[in-house]
Protein chains: 2
Amino acid sequence: MSDRARWNRYRSELCEVPSLGLSVDPSCMGHPPDLLEKMGPELEKAFAAMEALEKGAIANPDEQRMVGHYWLRDPSRAPNSELRGAIEDTLAAIEAFAADVHEGRKVNPEGARFTDVLVVGIGGSALGPELVARALGSTRDRLAVSFFDNTDPDGFDLVVDRLGARLATTLVVVISKSGGTKETRNGMLEAKWALERKGLSFGPRAVAVTGEGSALDVFAKKEGFLARFPMWDWVGGRTSELSAVGLLPAALQGLDVRGMLEGARLCDEATRGREARNNPAAILAAMWHFAGGGRGQKDMVVLPYKDRIELLSRYLQQLVMESLGKEKDLAGNVVHQGIAVYGNKGSTDQHAYVQQLRDGVPNFFATFIEVLRDRAGTDAEVEPGVTSGDYLLGFFLGTRRALAENGRPSLTITVPDVSPRSLGALIALFERAVGFYATLVGINAYHQPGVEAGKKAAAEVLALQAKIVAALDATPRDVEAIGSAIGSEDLETVHKICVHLAANGRLRREGDRFARG
Amino acid sequence: MSDRARWNRYRSELCEVPSLGLSVDPSCMGHPPDLLEKMGPELEKAFAAMEALEKGAIANPDEQRMVGHYWLRDPSRAPNSELRGAIEDTLAAIEAFAADVHEGRKVNPEGARFTDVLVVGIGGSALGPELVARALGSTRDRLAVSFFDNTDPDGFDLVVDRLGARLATTLVVVISKSGGTKETRNGMLEAKWALERKGLSFGPRAVAVTGEGSALDVFAKKEGFLARFPMWDWVGGRTSELSAVGLLPAALQGLDVRGMLEGARLCDEATRGREARNNPAAILAAMWHFAGGGRGQKDMVVLPYKDRIELLSRYLQQLVMESLGKEKDLAGNVVHQGIAVYGNKGSTDQHAYVQQLRDGVPNFFATFIEVLRDRAGTDAEVEPGVTSGDYLLGFFLGTRRALAENGRPSLTITVPDVSPRSLGALIALFERAVGFYATLVGINAYHQPGVEAGKKAAAEVLALQAKIVAALDATPRDVEAIGSAIGSEDLETVHKICVHLAANGRLRREGDRFARG
């Protein structure tokens, strides 16, 4: 394609949202120019489904739930006044609580001001807060944020060690919608012990974000948590960043949560339009569909050219893969849908795997995120007339060109800066694109039936461990004998459990035999 | 498959390296039991090619270079005494320099001890040090490590801001083999300015790791760097962790670099054997080949169940994708090879995308990394008889089972702990697996011809920017007019450059027109 032709295509296809300074450029996707027109009827269905969802339809049929994350940034759209009030009251309560903490009206049990927040959560209860903390945080945050986002004992120790003496002035925010997520329960207990080992109480410096009446809610009441904030069944974990899940940590950090909500609201407004060419979320969904043949045949490589939003790729990994990675369509047919997402940041990743993207297996499309504003402070020139930021732009444009030359498609999303508003807009943009795409391929984007199997199998492993420990005595036994003793033929799991217990000094190992004590 | 059958297969296929306590378990890959036998002749070729490489053959034919990273951990294997001496002398010099810094014999120009290391590098000059710093670091490190690993102005500012007053006692380690990597050059200049803005000199607190006579080497001499350490053309960036690139930052951090080398040496020893069943690197290479049909048809999802080695997936992303993602095979045929790699950590990622892995598009195989040792400190029980670490094991085994039930293949690599020795072993294991796989598919794993195109295109963008700025005056001009003035039809790039300059206050923008001042 000639330079002139590229320019014409770019100009005709660029989709801008003036209220946000955001744009989506699909001109390097290699799609036929009339793709959006051809997909018109399917996109119409997606628009209609989204409109019904926003009005309160049961958009998650398996779980018989409404899907209401769009109401969070525009409560006037909530289907009834009760929901509207719940959203508005929660936001007000979050801001009031954060102000109390910042102004020293809420202090730790010893009377000292809080210096830190430790967020305990996993998946949808961690990725959003992690993205926002990194994207918008600085050393000037009102409270510094750390995370327990796994059930790795050493991982807990690392965070506690880094907090050091500041653990005493750390507010612990435990986030679990169901209240039953074991990693989060374990993280909460580990935080409690870390405090108690220093003679410090847990409850009076803890806060819960959870569903009303959940196990965590009950525990929080019993332990005298400082506050509790609600999660609702109409907000899914992976779309919960603009509920209390994300807003509470952000407000405590001192970030502009109203700005995030406003960015998302404006993006929602811009992506409600039914003219696909002017709807950036519809363009994304259509391009994903085109790139992967509606079957996820291409991975989505997300490359934000900005250190602060390096975690966007991981956030989108969850949003896209957990929403779209489904066995069955809405009619019950086996379809094995999904789009694999990966990426870190540019230009760093150019030095890691752009070799493969340009020359290797053509199993992906790139999604570049361009941020126009280089830095807040004063700039300087690395060469006459050239800044570090010019190089960042040069590497982004150069890589995009190099990929296009070899027939590797890419999308470009441009935002003016990494601000609360732009971040809220990016989150909303992808949320709606995922929703549209789900309609295009006929799946439920709002459930996650596949994660239960792993949890169930994990529970079986723990049950087996209890039997093994109960069955063993001081006599070393091999795995066959242990299996016989507990009536299990799953000797591989027995073996792995025994090896793990022995490695941690909880069983004695003699060659291939294991014993207590 | 029955529990009993799974146990038998696990036992017969598990490949253990007793000297390291490391094992590779391919029993969930769904391969025919005689796969390794069938691949015997191809694997023999891979063994022979590796043997020649280790003896000093020109294993990187395009660049006419030897490939010597295996000599770094066993200098007696270097093809001549000059190379052997260079490896041994460099290691000794690194340890002596680190000891001088730790003991206060080398101090900053104001006479204060160094507290921090700022590593300036990208790609192969950052990913290894980042992996090691995170995997083995703690608050007890001799020096704390930060990174400049991009050319993002705001990213530089964030790191400098976090260092705060400690910038004055920060040792800057600039790593660039060629000395010509622009991101690293920019990072170095930004570090210099940050120091100079505080009235502090740069050279006397800087160290270079670079090729003899490179632009960086020349600069380092001119600016009076504290020390210079060599990079050799027979060590590629993505396999340089056990050269000065990785060893110097690790030694400064106070880590056991000899332990890392020893782990790698022992793994090399275990992966030199020509009996494939007992060679864990050969097993990995064969399984990758089986999973992706020798064409990279399946992504490699890397899931270490341990927070400390979360970056292993990113490290492997570079090692695997830059090595294997090639357009042509050694005979010059167009093959578009490669294996896409992504992943973060378990069990966290289970809450992000195991939904898709289990139910969705079956375009991947998982690689689980299991770490037996849970934590160094005292443990406690989250339920009677159950620790957080038991849950971590349970989730790993549960997920592996849930994937297997749905026909999703997985490999499991087990290490006893996250120690210098185990980390060195993991690096060596994957280095050799990549080398074997490259022979299986007939490509050069040691060059990266595809990255030049992006760099060249980036240089063109910067040249265009210079022309635009020179052509503009106080009269606002649209992109067409600017293009005419500079004789370019690449108006898309002109437009993007102008928008970027205007967003940073370097051009004035009036609607679609741009002017100076």
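Just so it is clear: chains get the letters A, B, ... in the order the sequence lines come, proteins before strands, and each one is counted from 1. Quick caveat, the model's predicted, so the values are computed rather than measured.
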Would you say the side chain of A:K182 lies within less than 4.5 Å of the side chain of B:E383, judging by non-hydrogen atoms? yes
Identify which of A:D3, A:V361, A:D374 forms the greatest number of heavy-atom pairs closer than 4.5 Å to chain B. A:D374
Return the option, out of B:G346, B:G237, B:G394, with the maximum number of heavy-atom pairs under 4.5 Å with chain A. B:G394
Option in A:A402, A:G338, A:S488 with maximal non-hydrogen atom pairs under 4.5 Å from chain B: A:G338
If the threshold is 4.0 Å, N to carboxylate O, is there a salt bridge linking B:K306 and A:D154? no
Highest number of heavy-atom pairs under 4.5 Å with chain B: which of A:R162, A:R185, A:K455? A:R185
Do B:N504 side-chain atoms and A:L372 backbone N/O form a donor-acceptor pair below 3.5 Å? yes
Given a strict heavy-atom distance threshold of 4.5 Å, which part of A:E370 is in contact with chain B: side chain, backbone, both, or neither? side chain
Counting only non-hydrogen atoms closer than 4.5 Å, does A:D25 touch chain B with its backbone (N, CA, C, O), its side chain (CB onward), both, or neither? side chain
A:E492/B:R9 salt bridge by N-O under 4.0 Å criterion: no
Inspect the contact between B:R401 and A:E460 and indicate whether a charged nitrogen and a carboxylate oxygen are less than 4.0 angstrom apart. no
Looking at B:G360, is its backbone amide N or carbonyl O close enough to the side chain of A:E327 to form a donor-acceptor pair, meaning the two atoms are under 3.5 Å apart? no
Contacting region of A:L491 [heavy-atom separation from chain B under 4.5 Å]: both
So, the part of A:P449 with a heavy atom under 4.5 Å from chain B: the answer is both
Which word best sums up how the rings of A:W7 and B:H495 line up, parallel for under 30°, tilted for 30 to 60°, or perpendicular for over 60°? tilted
Are A:V382 and B:W193 close enough that some pair of their side-chain heavy atoms sits under 4.5 Å apart? yes
Quick one, B:Q337 with A:D359, criterion side chain to side chain donor-acceptor pair (under 3.5 Å). Give me CA distance, side-chain angles, the key distance, then yes/no. CA-CA 8 Å; B:Q337 276 291 356; A:D359 281 359; over 6 Å; no
Side chain, backbone, both or neither: which part of A:T181 has a non-hydrogen atom closer than 4.5 Å to chain B? side chain
Highest number of heavy-atom pairs under 4.5 Å with chain A: which of B:G398, B:P153, B:S125, B:G137? B:P153
Sequence neighbours excluded - salt bridge (charged side-chain N to carboxylate O under 4.0 Å, His left out) pairs with any residue from residues 335-354 of chain A: A:D307-A:K345, A:E310-A:K345, A:K345-B:D149
If one checks every heavy atom of A:T414 against chain B at 4.5 Å, the contacting part turns out to be side chain
Output yes when A:D157 and B:R375 qualify as a salt bridge under the 4.0 Å nitrogen-oxygen rule, no when they do not. yes
Quick check on A:V461 against chain B: is it the side chain, the backbone, both or neither that has a heavy atom closer than 4.5 Å? side chain
Please look at A:V469 and chain B and tell me whether the side chain, the backbone, both or neither of the residue comes under 4.5 angstrom of a heavy atom of that chain. neither
Considering only heavy atoms from C-beta outward, does the side chain of B:R308 approach that of A:L158 to under 4.5 Å? yes
Measure B:V479 against the heavy atoms of chain A and call it side chain, backbone, both or neither at under 4.5 Å. side chain
So for A:A466, is it side chain, backbone, both, or neither that comes closer than 4.5 Å to the heavy atoms of chain B? neither
Please confirm whether the backbone N or O of B:S388 pairs with a side-chain atom of A:T151, one donor and one acceptor, at under 3.5 Å? yes
State plainly whether the residues B:E480 and A:R4 are in salt-bridge range, i.e. N to O under 4.0 Å. yes
Identify which part of B:F396 has an atom lying under 4.5 Å from any heavy atom of chain A, answering side chain, backbone, both or neither. side chain
Verify, without hydrogens or angle tests, whether A:Q318 (side chain) and B:H351 (backbone) share a donor-acceptor contact under 3.5 angstrom. yes
Using non-hydrogen atoms and a 4.5 Å limit, figure out which bit of A:Y305 sits close to chain B: side chain, backbone, both or neither. neither
Under 4.5 Å heavy-atom distance to chain B, tell me which part of A:Y10 shows up: side chain, backbone, both or neither. side chain
So which part of A:N406 gets closer than 4.5 Å to some heavy atom of chain B, the side chain, the backbone, both or neither? neither
Determine whether a donor-acceptor pair (N or O, by modelled atom type, separation under 3.5 Å) exists between the side chain of B:N150 and the backbone of A:S347. yes
Taking side chain as everything from C-beta outward and backbone as N, CA, C, O, which of these in A:L319 sits under 4.5 Å from a heavy atom of chain B? Side chain, backbone, both or neither. neither
Answer yes when A:R6 and B:D490 have at least one side-chain N-carboxylate O distance shorter than 4.0 Å, and no when they do not. yes
Pick from B:A458, B:A453, B:G296, B:S323: which one has the most heavy-atom pairs with chain A under 4.5 Å? B:A458
Taking A:D161's backbone N and O only, do any of them form a donor-acceptor pair with B:T139's side chain (distance below 3.5 Å, no angle check)? no
Charged N to carboxylate O below 4.0 Å: is that the case for B:D390 and A:R506? yes
Check whether B:Q355 reaches the backbone of A:G325 with its side chain - one donor and one acceptor, N or O, closer than 3.5 Å. yes
Looking at B:G385, is its backbone amide N or carbonyl O close enough to the side chain of A:Q465 to form a donor-acceptor pair, meaning the two atoms are under 3.5 Å apart? yes
Between B:D299 and chain A, which part of the residue has a heavy atom less than 4.5 Å away: side chain, backbone, both or neither? side chain
So, are B:E452 and A:R358 salt-bridged, with charged N and O less than 4.0 Å apart? no
